Structures are given as C-alpha cells and as structure tokens.
Colleague: 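I am attaching a structure below and will ask some questions about it afterwards.
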Amino acid sequence: MGPLLFWILSAVAVGSALATIVQRSPLSSALTLTLCLVAVAGLFATLSADFLFVIQLLVYAGAVMVLVIYVIMLLNLGDRELKPLGLSRPRTFVSGLVGILLLALLARAQAGAAGISMGDVPDGFGGVRSIAGTLFTSYLYPFEIVSVLLMAALVGVVVLAMKRF
Amino acid sequence: MNPYVPLLAVLVVAFLLPVLLLAISSVAGPKRDEREKGDPYECGVPQPDNPHHRFPIKYYLVAVLFLLFDVEAVFLYPWAVVYRDLGVFGLIEMSIFLGMLLIGLIYIWKRGALEWD
C-alpha cells in the first residue's frame with residue numbers, strides 16, 4: 001500500500017505542479033497549486049510526519065492559498081493583461097540549464113545517500129506529541145519570538161494597507 | 001490499521017461523488033444551447049458593464065489578518081496536545097505568546113483595521 005500511495009501522490013503532485021505553471025488563467029493555476037499542496041501533505045502523511053501533514057493542510061493549502069486567491073482577485077487581470085504563455089529563446093535556455101543542474105544535484109544527493117541506513121526512528125517520531133514536547137521545552141525561546149514576529153507582521157500590514165495616499 | 005485509512009476513504013468518496021453526479025447529469029440531462037444561458041446576470045437585470053473593477057485594499061487586509069491569526073492557532077494545536085504534561089509552565093508560556101498577539105489585536109482594533117469604512 002505504501003509504495004503505491006507514494007507513486008499516486010507523487011504523480012498528482014508533479015502533474016498539478018506542471019498544470020500550475022502551464023495554465024494561462026491565474027485562478028486555475030491557484031486551484032492546481034492547491035491540489036499540489038494537498039498531494040504533498042499526503043506524502044508527509046505516508047512518511048508518518050503527522051504534524052507536517054496537518055500544518056501543510058491548515059497553513060499552506062488553507063491560509064496561504066486564501067492569500068494567493070485574494071491577490072488574484074485584487075489584481076483582477078483581464079484578457080488584455082494576460083499575455084499568452086510563450087517561451088523566448090533565452091528563457092528556454094536558462095530554464096533548461098537550471099533544470100539540468102537541479103537534476104544533477106538530485107542525482108548526486110541520491111547517489112550519496114545510497115549506502116546510508118536511515119536507522120530506526122523512535123516511536124511516534126514526527127508526531128504532534130513529540131514535536132510539541134521539544135517545541136515547548138528546548139525551543140521555547142524561538143517559539144516566543146514567533147509571537148513578536150507575528151505582531152510585527154500585524155503592525156506592518158496595518159501600516160501598509162491603511163496608509164492614506 | 002493505519003489511522004489515515006478512513007481519511008483516504010473520505011477523499012476517495014469526495015472525489016468520486018461529484019465526478020459521478022456530473023457524469024450522470026451530462027448523460028441524462030437535457031442540453032439546450034442558448035446564448036442567454038451563458039451570460040452573467042444579477043437578479044435578472046442585464047449586466048451594465050464589465051465586472052473587472054479594482055477591489056478595495058481592505059480585502060487584502062482581511063486576508064493577511066486571517067493568515068496571521070491562523071498561524072497563531074496552529075501553535076495552539078500542538079500545545080493543546082501536550083498541555084497536561086507541561087502543566088503550569090505550559091500555561092505561562094502560552095499566555096506570554098497569546099498576550100503578545102493580544103497587544104497586536106488591540107493595536108489593529110484601535111487603528112480601526114477591523115472596521116470596514
């Protein structure tokens with residue numbers, strides 16, 4: 001069941017990622033991107049990373065996509081602004097080069113990891129309980145700093161959006 | 001049994017049900033192509049102009065505020081799972097975290113960011 005699920009979810013993730021970049025309509029791209037994020041959440045679940053699964057769904061497929069869709073609504077691009085998707089020669093060259101380099105990097109990482117045993121992970125590793133246990137004890141200071149970061153973002157968005165021009 | 005199996009079953013049903021319903025309605029439903037059917041309308045009144053207006057920036061404000069408080073709620077979830085193990089210590093650390101965000105909430109409230117006008 002595990003390998004089959006992995007292949008299905010990977011195919012959905014890669015396919016929807018491709019659909020995201022080749023579509024002309026931004027809203028369709030946003031929907032396929034949501035599908036991609038959900039598929040990646042499923043991959044996290046098959047790796048028994050329960051916490052990441054929940055976060056991926058709640059924050060990425062939920063909140064971040066809301067923001068993306070709001071931005072699409074605010075920009076409200078019509079047919080005139082949307083240029084047809086076309087690849088110019090330099091763009092094709094650069095993206096091809098980056099793709100080949102990325103593939104080489106992945107192949108190298110794969111080759112390097114071939115002989116290494118993953119070892120046994122403790123029971124419940126990646127679960128909510130184990131992550132919460134370390135987050136609220138060993139990483140207490142970063143956790144509290146996150147609240148300052150969130151408050152800075154709150155103030156920042158209010159200052160930016162409520163500015164009188 | 002893997003705890004994700006029921007979730008997978010829900011996903012499969014949620015995927016198959018709309019596909020099935022759309023398939024049935026496209027096979028069994030009548031099809032009449034009329035131009036008026038494709039027109040956007042509001043309360044039966046013909047559309048006066050193109051709906052491509054600019055939206056107020058307030059929508060963006062609402063979206064970002066939602067995102068920020070959603071991230072806050074995400075931290076409450078693991079905290080609630082280990083709440084009994086942490087005891088009073090956990091309560092204090094979460095109070096500091098929430099207190100910080102409460103200051104932010106009071107700030108945006110006082111600035112009038114929660115008002116629509």
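What you see is a predicted model; the values in this text were computed from it and never measured. Atom set for the values below is all heavy atoms of this structure, side chains included, hydrogens, waters and symmetry mates excluded. Protein chains get the first letters and strands the later ones, always in sequence-line order, with residue 1 at the start of each.
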Colleague: Would you say B:Tyr107 and B:Leu114 are hydrophobically clustered, going by side-chain heavy atoms of ILVMFWY under 4.5 Å?
Modeller: yes

Colleague: I'd like to know if B:Leu76 and A:Val54 are part of one continuous hydrophobic network [Ile/Leu/Val/Met/Phe/Trp/Tyr, side-chain heavy atoms within less than 4.5 Å].
Modeller: yes

Colleague: Contact part of B:Tyr60 toward chain A, heavy-atom cut-off under 4.5 Å: side chain, backbone, both or neither?
Modeller: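 Answer is both: backbone and side chain atoms of B:Tyr60 are under 4.5 Å from chain A.
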
Colleague: Do A:Leu31 and A:Leu18 belong together in a cluster built from hydrophobic side chains that touch within less than 4.5 Å?
Modeller: no

Colleague: How close do A:Arg129 and B:Asp85 get, counting heavy atoms only, and between which atoms?
Modeller: NH1-OD2, 3.0 Å

Colleague: Give a yes or no on whether B:Leu65 and A:Leu74 share a hydrophobic cluster (residues Ile, Leu, Val, Met, Phe, Trp, Tyr; joining criterion: side-chain heavy atoms under 4.5 Å apart).
Modeller: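 Cluster IDs for B:Leu65 and A:Leu74 match.
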
Colleague: Flag the one option from B:Leu7, B:Leu68, B:Asp70 with the top tally of heavy-atom pairs under 4.5 Å to chain A.
Modeller: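 Top option by heavy-atom pairs under 4.5 Å: B:Leu68.
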
Colleague: How close do B:Phe66 and A:Ala63 get, counting heavy atoms only, and between which atoms?
Modeller: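 Nearest heavy atoms, B:Phe66 then A:Ala63: CE2-CA, 3.8 Å.
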
Colleague: Among A:Val59, A:Leu58, A:Val155, which residue has the highest count of heavy-atom pairs closer than 4.5 Å to chain B?
Modeller: A:Val155

Colleague: Does some side-chain heavy atom of B:Leu105 sit less than 4.5 Å from a side-chain heavy atom of A:Leu154?
Modeller: no

Colleague: Select one option (side chain, backbone, both, neither) describing which atoms of B:Phe89 are under 4.5 Å from chain A's heavy atoms.
Modeller: side chain

Colleague: Using a heavy-atom cutoff of under 4.5 Å, enumerate the residues of residues 132-152 of chain A that contact chain B, numbered in order, or state 'none'.
Modeller: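 Answer by number: A:Ala132, A:Gly133, A:Leu135, A:Phe136, A:Thr137, A:Leu140, A:Phe143, A:Glu144, A:Val146, A:Ser147, A:Val148, A:Leu150, A:Met151.
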
Colleague: Considering all heavy atoms of both residues, which atom of A:Val128 and which atom of B:Pro78 are nearest to each other, and what is their separation?
Modeller: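 That would be CG1-CA, 3.8 Å.
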
Colleague: Counting only non-hydrogen atoms closer than 4.5 Å, does A:Val38 touch chain B with its backbone (N, CA, C, O), its side chain (CB onward), both, or neither?
Modeller: neither

Colleague: Does B:Phe69 CZ have over 12 foreign heavy atoms under 6.0 Å away?
Modeller: yes

Colleague: Grouping I, L, V, M, F, W and Y whenever their side-chain heavy atoms are under 4.5 Å apart, do B:Val27 and B:Leu22 come out in a common cluster?
Modeller: no

Colleague: Looking at B:Lys58, B:Glu93, B:Met94, B:Met100, which has the largest count of heavy-atom pairs under 4.5 Å with chain A?
Modeller: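 Among B:Lys58, B:Glu93, B:Met94, B:Met100, the one with the most close pairs to chain A is B:Glu93.
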
Colleague: Within a strict 4.5 Å, meaning less than it, do heavy atoms of the B:Val64 and A:Leu67 side chains meet?
Modeller: yes

Colleague: Under 4.5 Å from any heavy atom of chain A, what part of B:Ile96 do you find: side chain, backbone, both or neither?
Modeller: both

Colleague: B:Val71, B:Ile57, B:Leu61: which one forms the most heavy-atom pairs within less than 4.5 Å of chain A?
Modeller: B:Leu61

Colleague: Between B:Tyr59 and A:Tyr70, how do the two ring planes meet: parallel, tilted or perpendicular, split at 30° and 60°?
Modeller: tilted

Colleague: Can B:Leu67 and A:Val66 be said to form a side-chain contact (heavy atoms from CB on, under 4.5 Å), step by step?
Modeller: CA-CA 8 Å; B:Leu67 179 69; A:Val66 165; over 6 Å; no

Colleague: Counting heavy atoms not belonging to B:Trp116, are there more than 12 under 6.0 Å from its CH2?
Modeller: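 Atom CH2 in B:Trp116 is packed in, count exceeds 12.
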
